[in-house]
Visitor: 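Shown below is the structure under consideration.
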Amino acid sequence: MSFKTYTVGRSSDADIQVNGQSVSRLHLELTVADGGKYYLIDANSSAGTLIQKSGSWETIKQGFVTENDLLMLGKESIQVRLLLDQIQH
């Protein structure tokens, strides 16, 4: 099994950049594995990471996500698919 981990945040050093003052410089890590598996780990961000499940927002520290999941990084909502679209292939 192969995988690659990407950093996500507002820093120009992040692999995947998300703008917004409520987004930490290094907000989370997103690991992409073979077979379309995605694993998220919040990097102790100051505003936290939420995931929308069954119409309500839940805190996520780490866990598997799908490309269709909607995340809230601070006050910025973004679909996992849009994060993946920013990865240089």
Side-chain angles (χ1 to χ4, degrees):
M1 175 185 269
S2 67
F3 62 89
K4 177 136 172 83
T5 300
Y6 300 92
T7 56
V8 179
R10 76 169 196 271
S11 169
S12 60
D13 293 332
D15 297 317
I16 302 168
Q17 294 180 8
V18 178
N19 293 323
Q21 288 300 314
S22 61
V23 178
S24 293
R25 288 184 291 278
L26 173 56
H27 201 98
L28 60 89
E29 293 181 344
L30 183 64
T31 300
V32 178
D34 290 339
K37 301 256 187 212
Y38 310 107
Y39 195 79
L40 176 150
I41 299 175
D42 183 90
N44 292 319
S45 60
S46 57
T49 302
L50 304 175
I51 186 168
Q52 192 173 55
K53 293 287 186 185
S54 302
S56 63
W57 291 100
E58 300 174 10
T59 300
I60 182 169
K61 293 288 187 188
Q62 62 181 0
F64 286 99
V65 295
T66 70
E67 63 183 20
N68 294 320
D69 282 334
L70 186 61
L71 303 175
M72 184 79 70
L73 284 56
K75 296 180 181 175
E76 305 297 322
S77 64
I78 189 163
Q79 194 173 32
V80 173
R81 178 188 327 267
L82 295 176
L83 295 175
L84 297 170
D85 286 348
Q86 293 186 49
I87 296 171
Q88 304 262 343
H89 295 286

Visitor: To check you understand the geometry: which heavy-atom pair defines the closest contact between Val23 and Val18, and what is its length?
Guide: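 Here Val23 and Val18 meet closest at CG1-O, 3.7 Å.
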
Visitor: Going only through I, L, V, M, F, W and Y residues with side-chain contacts under 4.5 Å, is there a path from Val32 to Ile16?
Guide: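 Both belong to a single hydrophobic cluster.
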
Visitor: Under the side chain to side chain donor-acceptor pair (under 3.5 Å) rule, collect the residues that match up with Ser2, sequence neighbours excluded.
Guide: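 If we apply the side chain to side chain donor-acceptor pair (under 3.5 Å) test to Ser2, skipping adjacent residues, the hits are Asp34.
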
Visitor: Can you give me the closest heavy-atom contact between Asp42 and Ile60, atom names plus distance?
Guide: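 The answer is CB-O, 3.9 Å.
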
Visitor: With side-chain contact (heavy atoms from CB on, under 4.5 Å) as the criterion, how do Leu26 and Val8 come out once you've worked through the C-alpha distance, each side chain's angles and the decisive distance to 0.1 Å?
Guide: CA-CA 6 Å; Leu26 173 56; Val8 179; over 6 Å; no

Visitor: Please list, chain by chain and in numerical order, all residues satisfying side chain to side chain donor-acceptor pair (under 3.5 Å) with Arg25, sequence neighbours excluded.
Guide: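 Once residues adjacent in sequence are excluded, Arg25 has no partner under the side chain to side chain donor-acceptor pair (under 3.5 Å) criterion.
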
Visitor: Looking at residues at least two apart in the chain, or sitting in another chain, which of them share a salt bridge (charged side-chain N to carboxylate O under 4.0 Å, His left out) with Glu67?
Guide: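 By the salt bridge (charged side-chain N to carboxylate O under 4.0 Å, His left out) rule, Glu67 matches Arg81.
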
Visitor: What residues form a side-chain contact (heavy atoms from CB on, under 4.5 Å) with Tyr39, not counting sequence neighbours?
Guide: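 For Tyr39 the side-chain contact (heavy atoms from CB on, under 4.5 Å) partners, ignoring immediate neighbours, are Thr31, Ile41, Gln62, Phe64.
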
Visitor: Name all pairs fulfilling the side-chain hydrogen bond (donor to acceptor under 3.5 Å, both in side chains) condition that reach into residues 7-18, sequence neighbours left out, sorted by first residue then second.
Guide: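 As it turns out, the side-chain hydrogen bond (donor to acceptor under 3.5 Å, both in side chains) pairs with a partner in residues 7-18, which skip direct neighbours, are Thr7-Asp15.
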
Visitor: Answer yes or no: is there a side-chain heavy-atom contact under 4.5 Å between Thr49 and His27?
Guide: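 Side chain of Thr49 against side chain of His27, heavy atoms only: contact under 4.5 Å found.
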
Visitor: Determine, using the 4.5 Å side-chain heavy-atom cutoff (strictly less than), whether Leu82 and Leu71 are members of one ILVMFWY cluster.
Guide: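 As far as the 4.5 Å side-chain criterion goes, Leu71 and Leu82 are connected within one cluster.
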
Visitor: Within this structure, what is the CD1-CG distance for the pair Ile78 and Leu83, rounded to the nearest 0.5 Å?
Guide: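 Spacing of CD1 (Ile78) from CG (Leu83) equals 4.0 Å.
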
Visitor: Got a sec, which hydrophobics cluster with Met72, joining ILVMFWY side chains under 4.5 Å apart, including via others?
Guide: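 Result for Met72 is Leu50, Trp57, Leu70.
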
Visitor: Give, for atom OH of Tyr6 and atom OH of Tyr38, the distance between the pair rounded to the nearest 0.5 Å.
Guide: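 Reported value, rounded in 0.5 Å steps: 10.5 Å.
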
Visitor: What closest approach, in Å, do Ala47 and Ser24 show between heavy atoms, and which atom pair accounts for it?
Guide: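 Where Ala47 meets Ser24 most closely, the heavy atoms are N-OG, 4.5 Å.
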
Visitor: Measure from the side-chain N and O atoms of Glu76 to the backbone N and O of Gly20, and report whether any donor-acceptor pair falls under 3.5 Å.
Guide: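 No.
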
Visitor: I'd like to check the salt bridge (charged side-chain N to carboxylate O under 4.0 Å, His left out) partners of Asp69; sequence neighbours left out, ordered by chain and number.
Guide: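 Result, salt bridge (charged side-chain N to carboxylate O under 4.0 Å, His left out) vs Asp69: Lys53.
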
Visitor: What residue among Asp85, Val65, Thr66 forms side chain to side chain contact (heavy atoms under 4.5 Å, CB included) with Val80?
Guide: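 Testing each of Asp85, Val65, Thr66 against Val80, the sole residue satisfying side chain to side chain contact (heavy atoms under 4.5 Å, CB included) is Val65.
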
Visitor: Taking only residues two or more places apart in sequence, or in another chain, which ones meet Ser22 in a side chain to side chain donor-acceptor pair (under 3.5 Å)?
Guide: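 By the side chain to side chain donor-acceptor pair (under 3.5 Å) rule, Ser22 matches no residue at all.
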
